Number of protein chains: 2
Amino acid sequence: MLAAADVLQKRGYEATTMKDIAAAVDLTAASLYHHFRNKDELLLGVLEAGLETVLVRFEPILKAEVPPEEKLRRMIREHVVGVAQNTSVGAAMVFEIRSLISAADRTISGLGKLSAEERAAFLARRDAFFARRDVFEESFRQVIRDGISAGVFRPVDVPIFVNTLLGAHNWVGVWYKSGGRLSGEAIASQMAETFLRALMK
Amino acid sequence: MLAAADVLQKRGYEATTMKDIAAAVDLTAASLYHHFRNKDELLLGVLEAGLETVLVRFEPILKAEVPPEEKLRRMIREHVVGVAQNTSVGAAMVFEIRSLISAADRTISGLGKLSAEERAAFLARRDAFFARRDVFEESFRQVIRDGISAGVFRPVDVPIFVNTLLGAHNWVGVWYKSGGRLSGEAIASQMAETFLRALMK
DNA sequence: GTCATAATCGAATGTGGATTTGATTATTCT
DNA sequence: AGAATAATCAAATCCACATTCGATTATGAC
């Protein structure tokens with residue numbers, strides 16, 4: 001799946017062939033079908049794994065007994081560092097979401113391929129992914145609401161602010177190149193500073 | 001090209017067929033080839049037009065005799081409002097850049113299609129687009145440098161800050177739905193406020 | 001060592017979609 | 001009107017995939 005993420009980052013979902021992905025792990029395209037039912041499930045696997053990784057790393061932060069501003073700072077750092085460490089998955093999270101959204105239509109149009117049950121199972125799994133993603137985003141919204149209630153953050157429109165924040169984070173996967181002038185950590189710190197200053201009273 | 005942008009936003013470059021685009025303007029796929037040499041040039045046309053629109057709107061702002069903080073505020077508003085007004089083009093600017101980057105490879109692999117001269121012409125036009133995009137991004141960097149020199153902005157890492165800013169802006173094209181709770185103007189104001197607070201000393 | 005199962009591959013299969021071709025039909029210009 | 005040019009289309013071409021099939025080769029259990 002990591003290899004797939006790499007190829008996906010370079011070429012994009014539709015342009016990436018099963019052969020490309022297979023070549024990246026020294027296999028033939030046919031062999032991939034022992035491990036993934038089809039191309040859509042492979043993509044979904046990539047995204048699921050990436051999202052769960054971040055969610056796991058967020059757990060200790062969210063339950064820590066620290067003030068909202070410190071919590072948010074840690075979340076931003078963790079997310080940005082995560083994206084920078086694995087830009088291929090980060091970029092997939094940005095670019096390939098849409099393939100997933102329209103997967104329903106495409107699957108339906110290419111009917112005959114999958115059975116009704118298989119299709120339903122896939123869509124359910126996809127929706128579960130989106131639900132998990134919302135859990136992730138909601139954790140940011142909650143921390144910011146807490147900070148506003150506590151009076152340490154100025155009152156902002158929380159959904160807009162979080163979209164702003166996440167746009168900046170996601171974009172890191174697009175422009176960050178490891179080995180560049182700054183480390184992922186350094187970038188994460190800068191961004192945390194930026195958004196905390198924007199938020200503090 | 002606007003119709004193409006719409007279809008592109010929904011389906012993505014590779015998944016969008018010439019037939020889809022043609023249908024959006026009540027034509028057949030074949031007819032499109034009277035107006036665009038091929039699919040890549042159509043995409044490039046969409047992106048070029050979108051970028052030039054923003055660049056034109058930036059001109060008066062950049063030459064205005066106002067302090068850096070006011071200049072930046074206007075630029076942010078203009079850009080965000082522009083993206084919100086035309087999310088399809090905004091989203092294309094985010095999602096389809098990669099198709100353009102890898103266009104060289106794809107074109108080369110599908111050799112026999114284009115002549116060497118046609119290929120060179122296309123690549124030159126593509127590079128010109130990226131150069132224009134850099135002009136756009138550089139204008140943000142310059143204003144921020146000016147503000148730092150003038151002592152009104154705190155010293156930040158300018159490239160990182162601008163990437164942060166542009167990530168947030170671009171993302172608007174992904175999540176904004178017209179007719180939602182807030183207008184593009186309102187969102188633009190919020191975002192300008194966020195980034196100016198992050199920057200002011 | 002043998003059997004079952006997992007992995008792998010080479011060679012089809014079938015299809016969707018970009019692009020071309022060769023007319024046919026509008027427009028425009030004079 | 002009549003010629004020249006622009007737009008349009010239906011049908012054909014052509015090929016790059018995703019996916020399947022059948023057979024072959026590891027691997028692991030006992």
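The structure displayed is predicted, hence computed values, not measured ones. Chain letters run A, B, ... following the sequence lines, proteins first and then strands; every chain starts at 1. For the numbers below, each heavy atom of this structure counts, side chains included, while hydrogens, waters and symmetry mates do not.
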Exercise for review: State which residues pass salt bridge (charged side-chain N to carboxylate O under 4.0 Å, His left out) with R74(B); sequence neighbours excluded, sorted by chain then number.
Suggested key: E70(B)
Just the rounded figure in Å: distance from [atom2] of [N] to [atom1] of [X].
{"X": "M18(A)", "N": "dC9(C)", "atom1": "CE", "atom2": "C1'", "answer": "15 Å"}
{"X": "K19(A)", "N": "dA16(D)", "atom1": "NZ", "atom2": "P", "answer": "9 Å"}
{"X": "L43(B)", "N": "dT19(C)", "atom1": "CG", "atom2": "P", "answer": "12 Å"}
{"X": "L32(A)", "N": "dG10(C)", "atom1": "CG", "atom2": "P", "answer": "13 Å"}
{"X": "L27(A)", "N": "dA26(D)", "atom1": "CG", "atom2": "C1'", "answer": "13 Å"}
{"X": "D20(B)", "N": "dG17(C)", "atom1": "CG", "atom2": "P", "answer": "7 Å"}
{"X": "H35(B)", "N": "dT5(D)", "atom1": "NE2", "atom2": "C1'", "answer": "13 Å"}
{"X": "E14(A)", "N": "dC17(D)", "atom1": "CD", "atom2": "C1'", "answer": "11 Å"}

What nucleotide, of [options], holds the atom closest to the side chain of [X]?
{"X": "N38(B)", "options": "dT19(C), dG17(C), dA18(D)", "result": "dT19(C)"}
{"X": "T28(A)", "options": "dT20(C), dA18(D), dC9(C)", "result": "dC9(C)"}
{"X": "A30(A)", "options": "dC9(D), dC21(D), dT19(D)", "result": "dC21(D)"}

Point to revise | Residue list, side-chain hydrogen bond (donor to acceptor under 3.5 Å, both in side chains) with D146(B), at least two apart or on another chain | key: Q142(B)
Practice item. Salt-bridge test for R98(A) and E96(B): reply yes if a basic N is under 4.0 Å from a carboxylate O, no otherwise. Key: yes
Check your understanding: Once the angle between the rings of H79(B) and H169(B) is folded into 0 to 90°, is it parallel (under 30°), tilted (30 to 60°) or perpendicular (over 60°)?
Key -> perpendicular
**Study point:** Under-4.0 Å side-chain N/O to phosphate OP1/OP2 contact, S31(B) with dC9(D)
**Key:** yes
